[in-house]
Structure formats: C-alpha cells, structure tokens
Amino acid sequence: MDANRTSNAVGRGSGYTSIWDLKGKVLVIAEKPKAARKIADALSQKYFVRNINNVTYFEIRDGIHQIIVASSVGHLYGLTTRENGYPVYTYQWAPLYEVEKKKTHSFNYLEALRRLCTSSSYFVNACDYDIEGSVIGYLIIKFNGDPSRAFRAKFSSLTPSELREAFQKLTRLDYEMIEAGLCRHELDWLWGINVSRALMRTVESFSKRRIILSAGRVQTPTLKYVSDIEKERNLFIPTPVYSVIPTIAKDGVKITLELVNNPIKRKNEAYALAERIRKEGFLTVESYEEHTSSISPPPPFNLGDLQEEAARIYGYSPSKTQSIAEQLYLDALISYPRTNSQKLPRGLDFKGLLTKISQISNYSGLVSELLKETKGFLQPVEGDKDDPAHPAIYPTGVKPVKLNNDQWAVYDLIVRRFLAAFAGSAVIYRSTAKFALPGVNIVFQATGQGIGNLGWYKYYPFHKPSVKALPRFREGEKVRIVEVSVKTAYTRPPQRISKIGMLRWMESVEIGTEATRATIIEKLFERKYLVNTTRGVVVTDLGLGIVETLEIFFPELVKVELTRHFERLMNDIKKGAVKREQVISEARNTLDVLIKKFNENREKVGQILSSRLGIYTPPNKCAICNREEFSNGFCTYHYKAMEQINSVYEEWREKEGISFKDYLEKIKKLKSTGKWVVEVIEHAYGGK
DNA sequence: GCAAGGTC
C-alpha cells in the first residue's frame with residue numbers, strides 16, 4: 001500500500017487505506033463501548049487501557065503506530081433550535097447533553113472524545129455500518145476533529161477477522177450515507193417539531209392551558225392504527241352464528257364434531273338440521289386421513305421475536321423485555337439485543353459456546369442431549385430477516401450470577417431458543433375424520449393430534465402442540481349419535497389492542513427501528529393518547545381527536561407512506577440524484593402550505609382538542625357525551641353507532657325473527673357489543 | 001417542550 005497516497009488524498013481517493021499505513025496518532029471511534037473493546041482486541045494482542053473522566057479507551061503503541069480506540073455512546077449530537085413558535089425552519093446540531101438535559105452520561109463521553117480528537121492526526125469512523133453509524137461518527141469528527149483527515153471502517157460483525165480486514169481496507173468518509181442520514185434527521189425534526197408545536201399552541205391559545213402534545217412520522221401512524229381498531233370495537237354489533245354439534249360415540253369414547261364450512265344461515269335451519277340428525281341416529285364416515293407433518297425449529301431471536309415471546313409467555317411489555325435484554329447485554333450474558341437479524345454470526349464457535357453453556361447447571365442436561373442428538377453436527381436454522389450491523393441474539397456462555405426472576409425468564413428464552421436452533425424438527429401426527437348425513441349436503445369433522453417426535457420442543461417447550469386423541473375410523477363406517485345440540489355463537493370484533501400487537505404492526509409496515517419502537521409506544525401513553533385499563537389498552541378521546549385533526553390538516557403524517565417517501569429520498573441522495581438541501585427545501589414548502597391551512601382553522605381545532613382533553617365543553621355538545629355535536633344531536637361516534645344499530649337490525653331480524661326492541665335488549669347484554677352502541681341504546685331507547 | 005434515532 002502506498003503510504004504517501006493515503007496521507008495526501010484522504011477523502012478523495014477511491015482506493016483502500018490500511019490503518020497500519022497511517023503516520024501519527026490515529027483516533028478510532030466506535031459506536032459503543034463494547035465495540036471499542038472488540039476492535040482493540042482485534043487490532044492488537046496488547047494495548048493500554050486508559051481513561052478520561054471515567055471513560056475507558058484503548059491505546060495501541062508499537063513504536064511505529066499510535067492508535068487510540070475510543071467510543072461514542074450512540075448519538076452525541078442532536079438537532080435543536082433557538083426559535084420559539086412555529087413554523088420553525090432553522091435548527092442546528094448541538095451536543096445531546098445540552099439538547100436533552102437528562103442525557104448527562106453523554107457529557108463524559110463527548111468530553112473524552114473532544115480531548116482525544118484535539119491530539120489526533122487521523123480519524124476513523126468505526127461506528128456500526130449503517131446510516132446512523134455514519135452520522136454519529138461524522139458529527140463527532142466534524143465538530144472536534146477534521147473530516148478531511150478521516151476514514152470509514154466498514155464491517156457488519158465484530159469478529160476479529162472481519163474487523164482486521166475492515167481496518168486494512170479503510171475508505172474515505174461515506175458522504176452518501178452521511179448526507180442521507182442527516183437528511184432523515186432533519187425531515188423528522190421539521191415534521192415532528194412543527195406539527196407538535198402547531199397542536200400545542202392551538203390548544204394553548206384556545207384554552208390558555210399548556211399541554212404537551214406531539215406528532216411524528218412513526219408515532220402518528222401507530223396511533224392511527226390503534227385508533228381505527230378502537231373505533232371498530234366501539235361500534236361493533238355482534239351477529240349470531242349458528243352451528244349444529246353432534247356428539248358421537250366410538251369404542252366408548254364420546255367425540256364432539258364440528259361443521260365444515262358452516263352453511264347455516266337462520267336459527268330455524270339449525271334446529272331443523274339438528275332434528276333431522278337426531279331422527280337419523282347415525283352419521284357415515286366419509287373419509288379418514290392421517291398425516292404427519294414436521295415442524296422446523298424457530299430461528300434464533302431478533303428483538304421483535306423476543307419481545308413477542310416474552311409477551312406471550314410472561315405477559316411482559318415490549319419495553320420491559322427490551323430493558324431486561326439491554327441489561328443482560330451489559331452484563332455480557334447475551335449478544336447485542338437491538339437487532340433485526342434471525343441469523344447467527346458466521347464463524348461463531350458453536351461447539352465451544354455449547355460447552356460453556358453446559359457449565360450453567362440449568363442447561364447441562366439439555367446441552368448434552370443436544371450434542372448427543374446432533375452427534376456434534378451443529379447446523380443452526382436461520383430466519384430470513386437480517387440486519388446490516390448485528391447478528392441474531394444469542395447467549396455468550398458467560399455464567400449468569402444474581403439474576404432476578406424477570407431477567408432469568410428472558411435469559412432462559414434466549415438460551416433455549418439458541419439451543420433449539422440446532423435441534424431436529426418435531427413430528428406431529430394429525431388425523432381428520434369427516435362425517436356425512438345421507439341425503440343432506442353437509443359435512444362434519446373431528447380432528448386429532450399427537451406428537452411423534454418432540455424434536456426442538458424439548459429445548460424450547462413454550463409452543464408445545466396440544467395432544468388430542470381421535471380413534472381410527474373406517475370409510476363407510478356408521479357411527480352412532482348420542483346427542484345433537486344447537487349452538488349460537490356471535491361474531492367477534494377485532495382483537496383488543498396490545499403493546500406487542502402495536503410493535504408487531506410497526507414491524508410489519510416497517511416503521512421505527514428495533515431501538516425505538518418500544519419507546520415510541522410508551523410515548524403514546526405518556527401523551528395520554530392511550531391508557532391502560534382493566535380492559536386492556538384503550539385509545540382516549542384525546543388520541544382519537546389527534547388522529548382526526550391530523551388526518552384533515554397533515555394527512556401525510558398519519559400514513560405509513562411518509563416513511564416510504566423519506567426512504568426514497570434518502571436513496572436518491574445516496575445515488576447522488578438529488579441534494580439534501582433540495583429535499584429539505586421541498587419539505588419546508590410542503591409544510592408551509594399545510595401549516596397555513598391549519599392556522600386558518602385554529603379556533604375550530606382548538607375547540608375540538610380542548611373538548612377532547614376534557615377542559616372545555618362545547619355549547620353544541622352531544623346528547624350523550626361532551627364531544628362536539630356532529631348530527632342529530634350526536635357526536636360523530638354516537639351518530640355512527642346509531643346508524644350501525646339500525647343497519648345491523650336487518651340481519652338480526654332475518655336470522656332470529658325478533659323485534660327491534662328485543663334486538664336492542666339482546667345486543668345490549670352481549671359482551672362484545674361496542675361501547676358507543678351500548679351508550680346510544682341506553683340513551684335513546686331508555687334501556688335499563 | 002415538541003421527532004426519531006442511537007446507547008448507558
């Protein structure tokens with residue numbers, strides 16, 4: 001490698017530079033303390049461990065080289081403004097400890113980096129190889145060092161070999177990624193700060209109350225998602241679904257059957273069919289099938305999968321699971337948890353790791369069983385999901401000490417999921433018997449299930465399929481009917497909102513990141529857009545009002561597509577097709593138009609939001625609640641509920657042949673009837 | 001004080 005070229009043409013050369021060719025003091029900046037240590041380990045067998053203000057860094061010295069490996073702690077800079085009011089289009093980067101007063105820990109790290117930058121000749125951004133990592137390292141070098149003497153190290157895992165190669169193949173700073181990242185920060189800031197301020201000022205000028213309100217590219221579509229479910233549940237009216245359930249006897253065992261493709265439309269049809277079956281006394285076996293299916297182990301955990309499992313098995317909220325996982329990571333018990341990857345790192349010594357895990361008494365039996373079962377052939381299953389910077393979550397083999405119950409529960413899930421990845425598929429037997437009634441076009445069935453081979457369930461038993469016995473049947477066999485009943489069930493509203501459901505939805509539409517989703521969900525509660533009740537998560541009137549207001553005045557911000565739009569813009573910037581300044585100026589223009597329109601309606605919006613906050617009663621209020629009237633003396637929700645009550649009656653009349661009054665009595669008592677529907681019945685029809 | 005993004 002030509003040392004002259006590297007030292008003269010930093011930032012312009014298209015070739016690689018080796019860190020070992022740089023003369024003078026080189027400062028390597030990692031994204032987090034743990035990564036810094038791994039980098040130091042990979043670059044040299046010995047180094048000095050030093051510290052400034054309790055911040056540890058590493059110094060490699062060998063007579064020729066002086067390499068300092070230090071670290072950031074995520075972002076050390078944030079966007080801020082000196083202006084009050086809105087619209088606001090001027091902002092600058094400032095140290096995070098100034099912008100967010102709570103972030104005091106970042107002060108020591110930034111101070112240490114400042115001092116190290118001052119005395120260094122070269123800089124290497126060795127933050128995670130993703131857009132945020134590019135921004136984090138760049139801003140530190142820009143404000144404290146010299147970007148023209150800076151390089152980028154590119155690695156996607158912290159294995160020694162990959163790290164060594166990355167530091168021999170340093171490139172110039174990746175300005176394409178940096179510009180795209182800076183742009184994302186600015187766009188989020190412009191939209192978030194301006195719309196949040198618009199909402200707050202509007203309430204403040206109407207009711208003289210200062211209440212914190214917010215909106216943003218990720219939180220607002222998430223709120224819209226739960227708000228749609230809330231409305232659907234509140235307006236829901238169940239309708240009856242009839243089925244006929246025969247019970248048969250075989251070898252002294254009673255088996256209840258279910259209807260296949262239930263064709264029954266009316267109540268009297270159900271009773272007629274039941275009577276017909278009773279008279280017949282027998283059903284004929286139309287078919288009997290047995291089949292086995294094999295179920296592969298689930299992939300190793302990414303954060304979302306871990307959060308989902310901890311919610312399902314232990315009822316933990318996503319943020320609780322995440323903070324436990326972060327603690328386990330800081331205690332060196334598990335790998336980096338904020339990952340989307342379902343793939344274990346290449347080159348991880350599985351055998352060595354399993355041996356370490358077997359030293360932990362809870363797992364020694366399981367590990368020896370696994371080694372026996374696999375005969376030492378360790379090939380883990382992997383999922384499709386990947387992450388540019390981190391592998392799936394796996395245990396490090398470090399022995400846990402003094403974990404509390406919650407920590408143990410999460411750690412246990414991670415270890416078992418890791419073990420299961422190497423285990424064999426489970427084998428499940430399923431059997432289905434279908435029954436027909438001569439002369440009637442109707443089919444009943446019964447199913448059975450058994451476990452042929454536990455496979456990976458031995459290691460990760462939380463999903464174990466249930467066992468349900470079903471005797472063998474012969475085709476054409478006649479089975480005796482012991483009993484026939486008619487069952488009336490009711491249609492169900494969409495499932496109640498849960499935090500994990502919100503997180504899964506955010507993942508599915510790809511908004512937010514592993515590091516932020518749980519926090520953003522909690523933020524919606526902090527703003528009182530959502531509340532936890534004994535009935536589960538409920539969207540408040542304020543939450544519904546915020547969504548409806550934003551849908552009118554800032555419709556872009558309510559949709560998931562804004563994220564897609566930002567992503568396209570960022571890609572264009574990376575390709576050099578467009579400049580950041582141009583993108584920002586277009587965003588300003590868009591916002592400017594929307595804000596003007598919003599301001600023309602401030603009085604009205606202030607009134608609506610204040611009434612939703614419960615700090616103002618509109619003169620034209622709903623007959624049932626304190627919301628503003630929409631039509632016929634009702635607010636929009638109760639008006640819609642009224643419409644719903646009238647239209648769903650048709651279905652009930654056809655099916656049950658009951659009067660309107662009886663219908664109201666009936667649905668009022670059903671558990672899944674929506675809140676607004678019940679309120680209208682109680683109000684308008686004087687029900688008890 | 002307001003976003004979303006990192007990480008302790």
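Reminder, nothing fancy here: chain letters follow the sequence lines and each chain counts from 1. Only this structure's heavy atoms are used, side chains among them; waters, hydrogens and symmetry mates stay out.
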Q. What residue pairs, at least two apart or across chains, pass salt bridge (Lys or Arg N to Asp or Glu O under 4.0 Å) with a residue in residues 389-406 of chain A?
A. A:K320-A:D406

Q | Residue A:N84, side-chain atoms from C-beta onward, closest of B:dG6, B:dG5, B:dG1 | A | B:dG1

Q: Using the test side-chain contact (heavy atoms from CB on, under 4.5 Å), find all partners of A:P221 that sit at least two apart in sequence or belong to another chain.
A: A:W505, A:I511, A:V560

Donor-acceptor contacts under 3.5 Å from residues 180-188 of chain A side chains, at least two apart:
from, atom 1, to, atom 2, distance (Å)
A:R184, NH1, A:D188, OD2, 2.7
A:R184, NH2, A:E132, OE2, 2.7
A:H185, NE2, A:E132, OE1, 2.8
A:E186, OE1, A:Y91, OH, 2.5
A:E186, OE2, A:R580, NH1, 2.5
A:D188, OD1, A:R217, NE, 2.6
A:D188, OD2, A:R217, NE, 3.4
A:D188, OD2, A:R217, NH2, 2.8

Q. Residues in salt bridge (charged side-chain N to carboxylate O under 4.0 Å, His left out) with A:D305, at least two apart?
A. A:R504

Q: Report the residues that fulfil salt bridge (charged side-chain N to carboxylate O under 4.0 Å, His left out) with A:E83, sequence neighbours left out, ordered by chain and then residue number.
A: none

Q. Quick one, which residues of residues 578-590 of chain A touch DNA chain B with a heavy atom under 4.0 Å?
A. none

**Q.** Within residues 392-406 of chain A: residues closer than 4.0 Å to DNA chain B (heavy atoms)
**A.** none

Q. When you measure from every atom of DNA chain B, which of residues 213-221 of chain A have a heavy atom less than 4.0 Å away?
A. A:L213, A:S214, A:A215, A:G216, A:R217, A:V218, A:Q219

Q.
My understanding is that only residues two or more places apart in sequence, or in another chain, count here; which of them pass side-chain contact (heavy atoms from CB on, under 4.5 Å) with A:I608?
A. A:R612, A:E628

Anything under 3.5 Å between a donor and an acceptor, one on a side chain of residues 584-598 of chain A, the other on a protein residue two or more places apart or in another chain? List them.
from, atom 1, to, atom 2, distance (Å)
A:N589, ND2, A:S585, O, 3.4
A:T590, OG1, A:E586, O, 2.9
A:D592, OD1, A:Y89, OH, 2.6

Q: Using salt bridge (charged side-chain N to carboxylate O under 4.0 Å, His left out) as the criterion, list what pairs up with A:R210, not counting sequence neighbours.
A: A:E204

Q.
Any residue in residues 31-38 of chain A with a heavy atom nearer than 4.0 angstrom to DNA chain B? Just list them by number, or reply none.
A. A:E31, A:K32, A:P33

